[in-house]
Novice: 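Before anything else, here's the structure in question.
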Amino acid sequence: MSALASRLGILLSGRGSNFLAIAENIAQGKLAACEIAVVISNKADAPGLESARARGLKAVAIEARGRKRAEHDAEIIARLREHKVDLVCLAGYMRLLSTEFVQTFPERILNIHPSLLPAFPGLDAQEQAFAYGVQVAGCTVHFVDEQLDHGVIVLQKTVPVLEGDDAHALSARILEQEHIAYSEAIARVLSGEYRMVGRRYVKP
Ligand code: GAR
């Protein structure tokens, strides 16, 4: 699936199901040249950290509470460098990155968001979409820039809103697509075949 070798650094804050889907795809050889170099959480009790340890991966908690963003981010950047990370994947990392962080890894930070951006940025995107009455929902993998849920889109997947859905059922259906989308997006980035042309991510 991917052409260039890459050491991934995963940042997460909670459950970690997107991280696990990436790890599983790597284990199955679907992201052949990738390895997860380190998993970092801003929350020591994030279940995703425990899952990472159970898989034998390096897992580190760097608590954010009570610290300035710049100082916290600097420590994360140091860890990512220590582990020679060349692609940072935010997987349910519920914290804005500082400008310095974004500029340290230009075009090398991805995020997944559970809506078809630019609709419904921010928290509880699936609930926002359901409450708005959309008939098509979905998820977006995008590069991270200084604005919230804003960078260039790598890949989107759509999900129909079905009769009888509630926000919970819709979230679960979106999550299934997230688990497919993230690895596809990583492969797309690492293929070396795509370029940013303005806001479009295309094969020249
Ligand atoms: C996912 O639905 C992800 O798209 C969302 O948090 C969830 C994390 O789940 N991220 C955002 O809303 C970022 N703005 P996970 O911990 O099971 O991967």
Side-chain angles (χ1 to χ4, degrees), residues 8-27 31 34 36 38-55 57 59-64 69 73 76 87-98 101-102 105 109-132 134 136-159 161 165-186 188-189:
L8 307 184
I10 307 273
L11 266 58
L12 53 79
S13 300
R15 179 176 58 181
S17 72
N18 275 290
F19 145 63
L20 281 172
I22 294 166
E24 202 46 45
N25 279 324
I26 292 173
L31 279 170
C34 285
I36 295 176
V38 64
V39 178
I40 298 174
S41 179
N42 60 321
K43 297 198 179 295
D45 60 356
L49 275 184
E50 209 38 62
S51 309
R53 290 191 189 107
R55 296 184 80 96
L57 294 169
V60 186
I62 302 178
E63 279 281 359
R69 187 180 310 281
D73 278 5
I76 295 179
L87 184 64
V88 180
C89 298
L90 310 188
Y93 185 67
M94 304 313 251
R95 232 176 116 74
L96 270 179
L97 301 186
S98 60
F101 196 140
V102 173
F105 295 95
I109 310 174
L110 296 176
N111 180 45
I112 189 156
H113 185 73
S115 77
L116 295 173
L117 289 170
F120 313 118
L123 292 176
D124 302 324
Q126 310 94 324
E127 287 79 359
Q128 291 185 56
F130 185 78
Y132 196 87
V134 302
V136 179
C139 62
T140 304
V141 182
H142 64 93
F143 287 101
V144 172
D145 65 12
E146 277 94 341
Q147 296 177 52
L148 177 69
D149 299 328
H150 174 269
V152 165
I153 291 170
V154 178
L155 187 148
Q156 292 184 305
K157 294 224 177 260
T158 57
V159 171
V161 180
D165 261 356
D166 56 17
H168 182 77
L170 179 61
S171 296
R173 205 168 323 108
I174 293 172
L175 191 63
E176 279 177 26
Q177 292 305 309
E178 290 186 48
H179 293 166
I180 299 166
Y182 216 153
S183 293
E184 281 187 18
I186 291 168
R188 192 170 281 193
V189 170

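When a ligand or atom number is given, it counts from 1 through the structure's own listing order. Counting begins at 1 with the first residue of the sequence.
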Novice: Could you tell me whether the side chain of Glu63 and the main chain of Ala44 form a donor-acceptor pair under 3.5 Å?
Specialist: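 Yes; judged by distance alone, with no hydrogens or angles, the pair exists.
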Novice: For Asp165, enumerate each residue passing the salt bridge (charged side-chain N to carboxylate O under 4.0 Å, His left out) test, keeping only those at least two apart in sequence or located in another chain.
Specialist: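 Asp165: salt bridge (charged side-chain N to carboxylate O under 4.0 Å, His left out) contacts with Arg173.
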Novice: Using 4.0 Å as the upper bound for N to carboxylate O, is an ion pair formed by Glu176 and Lys157?
Specialist: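 Glu176 and Lys157: not salt-bridged.
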Novice: With a 3.5 Å distance limit and no angle check, can you tell me whether Arg55 reaches the backbone of Leu20 through a side-chain donor-acceptor pair?
Specialist: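 Such a contact is absent between Arg55 side chain and Leu20 backbone.
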Novice: So, the side chain of Asp124 versus the backbone of Glu127: is there a donor-acceptor pair under 3.5 Å, distance only?
Specialist: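 Such a contact is absent between Asp124 side chain and Glu127 backbone.
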Novice: Give the residues near ligand 1 by chain and number, with the criterion being a heavy-atom distance under 4.0 Å.
Specialist: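 These residues qualify: Arg15, Gly16, Ser17, Asn18, Gly92, Met94, Ile112, His113, Pro114, Gln126, Asp149, Glu178.
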Novice: So, the side chain of Asn25 versus the backbone of Ser183: is there a donor-acceptor pair under 3.5 Å, distance only?
Specialist: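 Flag not set: sc Asn25 to bb Ser183 has no pair under 3.5 Å.
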